[in-house]
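Heads up: the structure comes next, in structure tokens.
We use all heavy atoms of the structure for the numbers below, so side chains are in, but hydrogens, waters and symmetry mates are not.
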Amino acid sequence: MSKLLPFSALALLLGMDAVAFRTGFYVRILEPVSSAGLTMNYIWHEQARVHPAAPQVLALGDSRMGFDTAVANSLGTGCEFGSIAVPGTLPRCWYYMLREVDPRANKYAAVIVAVDDYDDEDWGDHSSRLSDIQYTAPLLRAGDLAEFSLSYPEWTGRWLALQSGLLKGVAFRRDFQDLLVHHERRLQFTLEARAAAARQIYDADWKRRDVRGLAVDWKAWRITYPPGATDDQKRVFNDVLMRGTAEQTGRLADYRRKWFGKIIGYYRASSTRVIFIRLPRGPVLRPQNLVVKKSSSIREFGARRGVSLADEHLFDEIEKPEWFGDPMHMNTKGSVVFSRILAKEVAGMLVPGKERAH
């Protein structure tokens with residue numbers, strides 16, 4: 001009998017976790033601006049969006065994907081646009097988010113996938129990023145646990161991913177503690193956030209400013225900062241623009257082949273087109289001699305059936321200080337121009353007789 005106790009305790013623990021966190025109730029009261037809560041808000045907003053007879057197009061990306069669907073849908077392109085471009089997410093998250101909003105892989109005429117470059121420059125290690133666990137926690141199913149946990153190269157990440165997948169309470173621990181302490185404020189805030197569109201929840205300060213006055217003397221390795229830049233803003237400019245050349249290991253290409261490959265494979269048997277776009281690179285561009293590129297996994301995808309690559313110079317006109325609020329993110333004015341160009345380009349691919357962007 002004593003030998004059965006550990007198994008009984010485990011079964012009880014899994015049962016309690018399932019009742020508390022897997023019924024769907026708890027997900028509805030997640031902190032709206034937490035990683036998991038923000039992800040779900042975008043997903044619910046897209047699921048609730050009215051889908052007219054026009055071809056549906058969905059945008060994927062992170063905070064750099066400054067795609068304003070209201071602007072795009074006002075152009076009369078013949079397409080209807082939605083977005084689940086959640087700030088802080090990466091391609092590993094996008095696959096599970098996409099599966100959640102399109103469970104039968106038949107809702108969209110096209111899915112737009114935003115990348116910072118068609119070439120693979122190893123800058124940071126996406127595969128080891130533990131915050132992906134928080135973003136995907138509400139979306140993972142039992143059948144995902146092996147693949148998701150093994151996608152982490154280190155055993156620390158694998159173990160945490162497995163724990164969080166088996167026991168949702170592990171992933172939601174901090175959120176649950178906050179609910180216990182601030183339950184009245186939390187519930188009111190949750191109701192207000194649910195009533196708002198997902199695109200209104202993330203109101204970043206870079207949307208309201210520009211970086212006119214920014215310049216870089218690459219020979220002297222010196223930045224002229226925009227007037228009024230704070231120390232924190234200067235630090236961001238230095239981290240992004242003046243970073244050194246990373247060793248090119250091929251890890252980014254492997255990561256992209258894995259997760260973009262899964263997105264493409266998800267639509268293999270459907271008529272949905274996967275469209276890659278290269279985002280505007282920034283308000284000033286790093287010289288080519290500072291960029292080492294080992295491969296181009298995105299161009300490899302472009303040779304597959306059902307995959308299209310937009311012209312990588314489509315958004316060159318936006319790469320100016322007046323259209324950006326920091327070194328990476330478009331401001332509101334830049335997003336408007338970007339959204340118009342992108343909507344027309346995609347409509348030109350999908351709707352006969354529609355002129356593509358120039």
Side-chain angles (χ1 to χ4, degrees), residues 24 27 30 35-51 55-67 69 72 79-116 126-127 129 131-145 147-148 151 161 165 197-199 202 255-277 279 297-298 301-302 304-310 342-343 346 349-350:
V27 172
L30 285 166
S35 300
L38 189 65
T39 298
M40 293 310 301
N41 281 349
Y42 274 75
I43 287 173
W44 287 326
H45 178 64
E46 175 59 20
Q47 289 173 331
R49 185 170 63 86
V50 176
H51 298 285
Q56 297 297 303
V57 180
L58 183 69
L60 297 175
D62 56 18
S63 60
R64 293 196 60 204
M65 179 57 155
F67 186 54
T69 56
C79 294
E80 186 78 13
F81 295 89
S83 174
I84 53 171
V86 178
T89 58
L90 287 175
R92 178 161 45 195
C93 309
W94 302 348
Y95 167 71
Y96 298 105
M97 293 162 56
L98 183 62
R99 188 182 66 181
E100 190 74 11
V101 298
D102 192 9
R104 295 184 177 87
N106 63 359
K107 186 183 293 185
Y108 300 102
V111 171
I112 304 169
V113 181
V115 297
D116 56 2
H126 295 345
S127 62
R129 207 181 69 148
S131 58
D132 287 2
I133 298 171
Q134 298 301 316
Y135 285 105
T136 58
L139 309 175
L140 294 177
R141 306 165 186 169
D144 300 324
L145 295 184
E147 181 176 44
F148 183 77
S151 69
R199 61 191 297 272
Y202 197 81
Y255 177 89
R256 284 176 157 184
R257 291 181 184 118
K258 165 72 174 178
W259 294 106
F260 288 151
K262 284 191 68 71
I263 290 173
I264 295 168
Y266 188 65
Y267 288 108
R268 183 178 294 114
S270 78
S271 60
T272 301
R273 184 180 303 189
V274 177
I275 300 174
F276 286 93
I277 64 165
L279 294 165
S297 56
I298 304 301
F301 290 133
R304 298 190 185 183
R305 186 183 68 83
V307 179
S308 298
L309 308 187
L342 179 55
V346 171
M349 294 180 179
L350 300 177

Next on the checklist: One pair to check against side chain to side chain contact (heavy atoms under 4.5 Å, CB included): Ser270 and Asn106. What are the steps and the verdict?
Outcome noted: CA-CA 6 Å; Ser270 78; Asn106 63 359; 5.6 Å; no
Item to check | Heavy-atom donor-acceptor pair, Lys107 side chain to Gln56 backbone, under 3.5 Å | outcome: no
Next on the checklist: Apply side chain to side chain contact (heavy atoms under 4.5 Å, CB included) to residues Arg129 and Tyr255 and explain how you reach the verdict.
Outcome noted: CA-CA 12 Å; Arg129 207 181 69 148; Tyr255 177 89; over 6 Å; no
Next on the checklist: Keeping Thr89 on the side-chain end and Gly61 on the backbone end, is there a donor-acceptor pair under 3.5 Å?
Outcome noted: yes
Next on the checklist: Out of the candidates Ile298, Leu60, Ile277, Leu279, only one should pair with Val115 under the side-chain contact (heavy atoms from CB on, under 4.5 Å) rule; please name it.
Outcome noted: Ile298
Next on the checklist: For Trp259 and Tyr95, take the angle between the two ring planes, folded into 0 to 90°, and tell me which bin it lands in: parallel under 30, tilted 30 to 60, perpendicular over 60.
Outcome noted: tilted
Next on the checklist: Walk me through whether Gln47 and Glu100 qualify under side chain to side chain contact (heavy atoms under 4.5 Å, CB included).
Outcome noted: CA-CA 9 Å; Gln47 289 173 331; Glu100 190 74 11; 4.1 Å; yes
Item to check | For Arg304, all residues meeting side-chain contact (heavy atoms from CB on, under 4.5 Å), sequence neighbours excluded | outcome: Ile264, Phe301, Val307
Checklist outcome for this item: side-chain contact (heavy atoms from CB on, under 4.5 Å) test vs Arg141 passes for just one of Asp144, Leu145, Leu139, namely Asp144
Checklist entry - Going through the distances and angles, do Tyr135 and Tyr96 end up as a side chain to side chain contact (heavy atoms under 4.5 Å, CB included)? => result CA-CA 10 Å; Tyr135 285 105; Tyr96 298 105; over 6 Å; no
Next on the checklist: What I want to check is whether the side chains of Tyr266 and Asp102 have a donor and an acceptor closer together than 3.5 Å.
Outcome noted: no
Item to check | Nearest atoms (heavy-atom pairs only) where Glu46 meets Ser83 | outcome: OE1-N, 3.8 Å
Item to check | Partners meeting side-chain contact (heavy atoms from CB on, under 4.5 Å) with Ala161 (sequence neighbours left out) | outcome: Ile133, Phe148, Ser149, Tyr152
Checklist entry - Do any N or O atoms from the side chain of Arg305 and from the backbone of Arg268 form a donor-acceptor pair under 3.5 angstrom? => result yes
